[in-house]
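In what follows, a single structure is set out as structure tokens and then discussed.
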Amino acid sequence: MQSLELEAWEPFDLDATLGCGQVFRWENTGGTWTGIVGDRLIRVRQAGRCLFFEGADEAFIRHYFAIDHDLAGILESIDRDPVIHQAIEGCRGLRIIRQPPWECLASYIIATFTNIPSIKRRIGLLCREFGEVNFDEGVPYYSFPGPDRIAGSEECRLRSCSLGYRAPYICRVSNAVRLDRGWADEIRELPFNYARKRLMEFPGVGRKVADCVLLFGFERLEAVPVDVWIERIFREYYLDPGTKVGYERIRQYAQEYFGPYAGYAQEYLFWARESLAKKGRAGPK
DNA sequence: TGCCAGGGCCAAG
DNA sequence: CTTGGCCATGGC
């Protein structure tokens with residue numbers, strides 16, 4: 001196992017970062033996280049400012065976990081009220097990490113209208129069915145399948161991954177992306193709203209999935225995915241009761257209110273969603 | 001067992 | 001541009 005030492009100005013919380021629901025291929029067993037990124041299996045463990053890791057070099061770890069984000073500065077910029085402040089104190093050190101674009105796109109299509117344990121299970125099945133097999137000390141593990149490994153396959157094989165009605169989306173997106181190798185580079189170069197529209201041309205990609213892909217796959221930290229939890233939180237704490245609350249209204253409010261790192265605010269609120277929602281339901285207005 | 005979940009699509013209004 | 005029904009599946 002290698003190790004690296006984080007500096008005092010590099011706050012990082014491995015458990016919050018990998019456990020907050022932004023990635024789906026990491027598991028925590030006894031304090032050590034095991035995940036598959038690309039075709040490698042990585043293990044990471046945190047002890048204070050020290051990170052122990054194997055399966056990748058230090059540069060990869062620092063880049064993947066976005067240790068270069070000025071998180072202290074980002075949190076200071078979004079810490080604008082007691083609600084977000086509580087969320088920040090609950091998981092300070094949570095970082096929005098750099099996911100591979102294709103895996104991110106496919107994963108968040110699979111993530112629609114279901115729950116996080118189910119998402120992880122389905123993605124695991126998809127990888128076992130279509131991914132390339134590698135071995136870690138004799139134990140097989142599977143990479144996230146590239147679009148060409150899925151494209152052209154029978155829809156029923158995707159159905160076997162419990163994808164339900166999302167199966168045709170994954171099939172069609174795989175075909176579309178396979179024929180458009182530069183799609184990610186194209187999106188990377190586009191201004192935010194154009195990149196968003198471009199993503200929404202993919203079948204199975206609406207506003208919410210597009211915002212997730214922009215935030216988690218393209219490092220557009222101003223993106224604010226609005227799922228039912230975020231909508232609930234903004235309804236309860238941020239927007240005047242009785243006003244119309246559509247997706248765009250909430251998203252634009254969040255972006256204006258929290259600024260260029262609104263995506264970080266969204267993720268901290270999402271992490272605190274249960275306590276915030278519970279408090280909202282039980283307590284008086 | 002019924003309700004809910006990191007929604008998108010499509011047809012109507 | 002907004003609304004409502006529908007979609008497969010499994011966790012709780």
Side-chain angles (χ1 to χ4, degrees), chain A residues 16-27 87 91 94-97 99 101 103-126 128-129 154-174 176 193 196-218 220-221 223-236 239 242-252 254 262-278 280-281:
Chain A
T17 297
L18 292 177
C20 70
Q22 64 177 317
V23 282
F24 306 108
R25 300 209 70 202
W26 287 89
E27 294 298 334
C91 58
L94 187 165
R95 287 173 183 270
I96 291 174
I97 67 181
Q99 299 185 34
E103 176 172 344
C104 186
L105 173 62
S107 293
Y108 277 93
I109 290 173
I110 292 170
T112 58
F113 197 42
T114 183
N115 52 59
I116 290 173
S118 291
I119 298 164
K120 295 174 90 168
R121 178 177 165 276
R122 286 165 178 152
I123 290 175
L125 290 172
L126 179 76
R128 204 176 332 283
E129 184 73 17
E154 300 296 332
E155 230 177 75
C156 58
R157 279 186 69 201
L158 280 166
R159 290 276 178 180
S160 75
C161 302
S162 297
L163 299 185
Y165 60 86
R166 307 165 193 85
Y169 295 153
I170 294 299
C171 190
R172 291 168 59 196
V173 169
S174 297
N193 284 327
R196 196 165 181 259
K197 283 180 186 170
R198 176 72 184 82
L199 281 168
M200 288 171 62
E201 291 174 8
F202 290 123
V205 179
R207 298 172 295 198
K208 197 273 181 179
V209 172
D211 286 329
C212 284
V213 175
L214 288 169
L215 180 60
F216 301 126
F218 289 95
R220 302 295 178 98
L221 302 180
V224 179
V226 181
D227 69 343
V228 294
W229 293 99
I230 294 299
E231 176 178 349
R232 217 168 277 162
I233 290 167
F234 274 83
R235 239 195 247 273
E236 178 69 28
L239 300 168
T243 58
K244 297 285 184 185
V245 285
Y247 187 104
E248 294 303 327
R249 168 121 171 71
I250 294 174
R251 174 181 149 255
Q252 286 174 20
Y264 258 102
Q266 181 274 161
E267 201 56 16
Y268 274 74
L269 291 172
F270 184 79
W271 184 91
R273 62 193 179 281
E274 270 138 356
S275 60
L276 288 174
K278 198 180 299 176
R281 241 180 272 135

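Chain identifiers are assigned alphabetically (A, B, ...) following the order of the sequence lines, protein sequences preceding nucleic acid strands; residue numbering begins at 1 within each chain. Since the model is a prediction, treat every value here as computed from it, not as a measurement.
In the 5' to 3' direction, nucleotides of DNA chain C lying under 4.0 Å from heavy atoms of chain A begin and end at C/dC7 to C/dG11.
Residues passing the salt bridge (Lys or Arg N to Asp or Glu O under 4.0 Å) test with A/R172, sequence neighbours excluded: none. Residues satisfying the ring pair (Phe, Tyr, Trp, His ring centres under 6.0 Å) criterion with A/F24, sequence neighbours excluded, are A/Y108. The side-chain hydrogen bond (donor to acceptor under 3.5 Å, both in side chains) check on A/T114 picks up A/R122, with sequence neighbours excluded. Under the rule for a side chain to side chain contact (heavy atoms under 4.5 Å, CB included), the partners of A/E231 that lie at least two apart in sequence or sit in another chain are A/V226, A/R235, A/V245, A/I250. By the side-chain hydrogen bond (donor to acceptor under 3.5 Å, both in side chains) test, A/Q252 is found to be paired with no residue, residues two or more places apart in sequence or in another chain being considered. The side chain to side chain contact (heavy atoms under 4.5 Å, CB included) search around A/A16 returns A/D13, A/C91, A/L94, A/W271, not counting sequence neighbours. Checked against salt bridge (Lys or Arg N to Asp or Glu O under 4.0 Å), A/R196 has the following partners two or more places apart in sequence or in another chain: A/D211, A/E248. Considering only residues two or more places apart in sequence or on other chains, A/R128 meets the side-chain hydrogen bond (donor to acceptor under 3.5 Å, both in side chains) condition with none of them. With sequence neighbours excluded, the residues forming a side-chain hydrogen bond (donor to acceptor under 3.5 Å, both in side chains) with A/Y264 are A/H69, listed by chain and number.
Mapping A/S162 and A/E248 onto DNA chain C via the closest heavy atom, the residue that lands nearer the 5' end is A/E248.
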Nucleic acid footprint by protein, nucleotides 6-13 of chain B - heavy-atom cut-off 4.0 Å, B for base, S for sugar-phosphate alone: BBSS----
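With A/I230 as the partner, the side chain to side chain contact (heavy atoms under 4.5 Å, CB included) test is satisfied by one option alone out of A/R251, A/Q266, A/E267: A/Q266.
With a cut-off of 3.5 Å on both pairing distances, the Watson-Crick and G-U wobble pairs of DNA chain C assemble into stems of 3 or more at B:2-5 with C:9-12, B:7-13 with C:1-7.
Looking at heavy-atom distances under 4.0 Å, A/R122 makes contact with a base.
Comparing the P positions of C/dT3 and B/dG6 gives an interatomic distance of 23 Å, to the nearest angstrom.
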